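Take a look at the structure below.
Just so you know, ligand 1 is whichever comes first in the structure, and atom 1 is the first atom listed for that ligand. Residue indices begin at 1 and follow the sequence shown. All values reported here derive from a predicted model rather than from experimental measurement.
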Amino acid sequence: ITARLKAGPLAGRRVLVTSGPTHEPIDPVRYIANRSSGAQGTAIARALLGLGADVVFVTGPAEVPPPEGVELVRVESAREMLEAVEAALPVDAAVFAAAVADWRVSSASSSKIKKQAGALPALTFAENPDILATVSQRTAGRPALVVGFAAETDDVEANAAAKRLRKGCDWIVANDVSPATGIMGGTENAVVILSDEGAERWPRMSKELVARRLAERVALALA
Ligand code: CTP
Ligand code: CA
């Protein structure tokens, strides 16, 4: 027997997950990036697999290894991530857990910028495409469920609610990533799920448990 039938509420469903940071090159040896271990996105992909989904996992250079059993697409930059995401469509649901760099260096150099006494390099930036907004606002082939994240340090719920409407996604998973919370780089998360139905505040729990509860919610929404 070579093919094993998957069981679970998401069997036969194709779900996309983005995870990790993106790296935006300055030159061949330097980059700018967001902080992201990839832990939450990886846990979500694993939880979706556990419910029987076929998972496309589009990941930037994360610290944690990708889960086994996903359709794995490794990317570096935001533009590569958008390309990989669009190539993965159509999907039933998409969860955008990646910490995408908002800007890339428009003056990126193909050769190493050499240090010169007294001369500082000047970087200029260009805005990266918003992958979540692009997918949320598709007229054809939009996933039935689009879930975004909002990592905030101030006015978490208000910022996240505005973000949900601005981008056009169905749910936003919002969290407070102020250094004092220890959430960035840690094993726990405290999230609020914002949807048409309002705000659902979950207590602080492991990123694995956040992932399992979110995957169950995805399964219910697609049922
Ligand atoms: N996101 C994305 N593409 C981008 C930026 C963000 O897909 N270029 C997604 C993230 O994966 C996340 C959501 O959008 O699911 C929110 O990201 P966030 O950085 O919080 O939103 P921004 O609109 O970039 O706002 P901010 O100014 O707070 O960074
Ligand atoms: Ca951003």
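- Residue contacts with ligand 1 include Arg166, since one or more of its heavy atoms lies under 4.0 Å from the ligand.
- Cation-pi geometry between Arg213 and Trp202 is met: under 6.0 angstrom from the ring centre, within 45 degrees of the axis.
- Hydrophobic cluster membership for Ile131: Leu16, Val56, Val58, Val73, Val75, Met81, Leu82, Val85, Leu89, Val91, Phe96, Val100, Leu132, Val135, Val146 (Ile, Leu, Val, Met, Phe, Trp, Tyr linked by side-chain heavy atoms under 4.5 Å, directly or transitively).
- Distance check: Ile32 CD1 to Phe125 CZ gives 4.5 Å after rounding to the nearest 0.5 Å.
- Looking at residues two or more places apart in sequence or on another chain, you find a side chain to side chain donor-acceptor pair (under 3.5 Å) between Glu24 and Thr22, Asn128.
- Protein nitrogen, oxygen and sulfur atoms, that is N, O or S, within less than 3.0 Å of the Ca ion (ligand 2) amount to 2.
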Worked verdict on Asp130 versus Lys167 for salt bridge (Lys or Arg N to Asp or Glu O under 4.0 Å): CA-CA 9 Å; Asp130 190 316; Lys167 295 182 186 246; 2.6 Å; yes
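- Among all non-hydrogen protein atoms, the one lying nearest atom 9 (C) of ligand 1 is Leu132 CB, 3.7 Å.
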Worked check of side-chain contact (heavy atoms from CB on, under 4.5 Å) between Arg46 and Val70: CA-CA 8 Å; Arg46 200 170 275 129; Val70 294; over 6 Å; no
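- Where the criterion is an N or O separation shorter than 3.5 Å, residue side chain and backbone included, Phe96 meets it with respect to ligand 1.
- Heavy atoms from other residues, nucleotides or ligands lying under 6.0 Å from CZ of Arg79 number 12 at most.
- Protein heavy atoms are found less than 4.0 angstrom from atom 7 (O) of ligand 1.
- Counting atoms of ligand 1 from 1 in the listed order, those under 4.0 Å from a heavy atom of Ala98 are 10 (C), 11 (O).
- Residue-to-ligand polar distances place Pro129 within reach of ligand 1: an N/O pair is separated by less than 3.5 Å.
- Heavy-atom distances between Asp102 and ligand 1 reach below 4.0 Å in at least one pair.
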Trace of the side-chain contact (heavy atoms from CB on, under 4.5 Å) decision for Ile193 with Arg201: CA-CA 6 Å; Ile193 313 289; Arg201 295 170 193 91; over 6 Å; no
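- Backbone and side-chain nitrogen or oxygen atoms of Ala99 are examined, and none is located within less than 3.5 angstrom of a nitrogen or oxygen of ligand 1.
- Of the protein's non-hydrogen atoms, the one nearest atom 17 (O) of ligand 1 is Phe149 O, 3.8 Å.
- By the 6.0 Å contact criterion, CZ on Arg74 is open, its count of non-hydrogen atoms from other residues, nucleotides or ligands being 12 or less.
- Listed here is the closest heavy atom pair of Leu10 and Ala215: CD1-O, 4.2 Å.
- Side-chain contact, Glu152 with Asn175: no donor N or O sits under 3.5 Å from an acceptor N or O.
- For atom 3 (N) of ligand 1, the closest heavy atom belonging to the protein is Ile131 N, 3.0 Å.
- Shown in contact with Gly148 at under 4.0 Å from a heavy atom are these atoms of ligand 1, numbered in order with element: 15 (O).
- If you check which protein heavy atom lies closest to atom 22 (P) of ligand 1, you get Lys167 NZ, 3.7 Å.
- Ligand 1 has no N or O atom lying under 3.5 Å from any N or O atom of Thr18, backbone or side chain.
- For Ser36, the side chain to side chain contact (heavy atoms under 4.5 Å, CB included) partners two or more places apart in sequence, or in a different chain, are Pro21, Ala99.
- Atom CD of Glu208 is separated from atom CD of Glu188 by 10.5 Å, given to the nearest 0.5 angstrom.
- In terms of polar-atom proximity, defined here as any N/O pair under 3.5 Å, Lys163 does make such a contact with ligand 1.
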